[in-house]
Amino acid sequence: MSLYAEKTKKDWQVKIKGVNISLVNTINEMQIKGLNITGLITVIDEIRGVSLSGINNFCYLLKGISIALFRYRATVANGVQIGLINKATNLHGVQIGLWNTNGRRSLPIINWQFKTNR
């Protein structure tokens with residue numbers, strides 16, 4: 001069983017459906033479905049929707065669009081990552097930034113991956 005499958009089976013400590021606005025989001029076992037706006041740093045398990053972070057955005061699963069001024073990091077990303085530095089272990093989508101890394105390659109400006117890592 002995958003780590004993500006285990007996470008989806010249990011109850012989330014915090015679930016937000018709608019709009020979340022905060023200075024810092026650093027809650028384990030947190031799921032956001034909707035719009036997340038964070039002034040500095042977002043560190044949560046799952047984002048489904050749009051996430052805007054002032055400096056850094058770290059999540060286990062992204063399904064949607066994430067924009068971070070400096071750095072964006074996801075383990076599983078399905079969608080679009082925008083930031084100066086973007087990294088996804090398993091990407092199904094597009095990365096736009098100064099330096100972009102996914103499971104297949106690292107490229108400046110724009111990077112993509114639409115096939116699963118093997």
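Values below: every heavy atom of this structure, side chains too, minus hydrogens, waters and symmetry copies.
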Side chain to side chain contact (heavy atoms under 4.5 Å, CB included) between Asp45 and Trp12, worked out: CA-CA 9 Å; Asp45 283 334; Trp12 294 98; 3.4 Å; yes

Within 45° cone and under 6.0 Å: Arg104 NZ/CZ vs Trp112 ring: no

Arg73 and Ser66: side chain donor to acceptor below 3.5 Å: no

Looking only at the side chains, is there a donor atom on one of Glu46 and Gln31 sitting less than 3.5 Å from an acceptor on the other? yes

Looking at residues at least two apart in the chain, or sitting in another chain, which of them share a side-chain contact (heavy atoms from CB on, under 4.5 Å) with Ile16? Val14, Asn20, Met30, Ile32

Are Leu62 and Val43 connected in a single hydrophobic cluster, I mean Ile/Leu/Val/Met/Phe/Trp/Tyr linked by side-chain heavy atoms less than 4.5 Å apart? no

Backbone N/O of [Y] and side chain of [X]: donor-acceptor pair under 3.5 Å:
X     : Y     : value
Asn86 : Ile96 : yes
His92 : Asn78 : no
Asn36 : Val19 : no

Could you go step by step and tell me if Asn102 and Gln95 meet the side chain to side chain contact (heavy atoms under 4.5 Å, CB included) rule? CA-CA 9 Å; Asn102 63 40; Gln95 298 169 313; 3.9 Å; yes

Set out, in order, the CA-CA distance, both residues' side-chain angles and the distance that settles side chain to side chain donor-acceptor pair (under 3.5 Å) for Thr42 and Asn25, then state yes or no. CA-CA 5 Å; Thr42 297; Asn25 265 342; 4.5 Å; no

I would like to know whether Ile82 and Tyr72 meet side chain to side chain contact (heavy atoms under 4.5 Å, CB included); could you show each step before the answer? CA-CA 7 Å; Ile82 300 172; Tyr72 181 80; over 6 Å; no

For the residue pair Leu61 and Thr75, establish whether any side-chain heavy-atom pair is separated by less than 4.5 Å. no

Out of Ile47, Ile41, Thr38, which residue meets the side chain to side chain contact (heavy atoms under 4.5 Å, CB included) rule with Asn57? Ile47

Which heavy atom in Gln113 sits nearest to a heavy atom in Gly103, and how many Å separate them? OE1-N, 3.4 Å

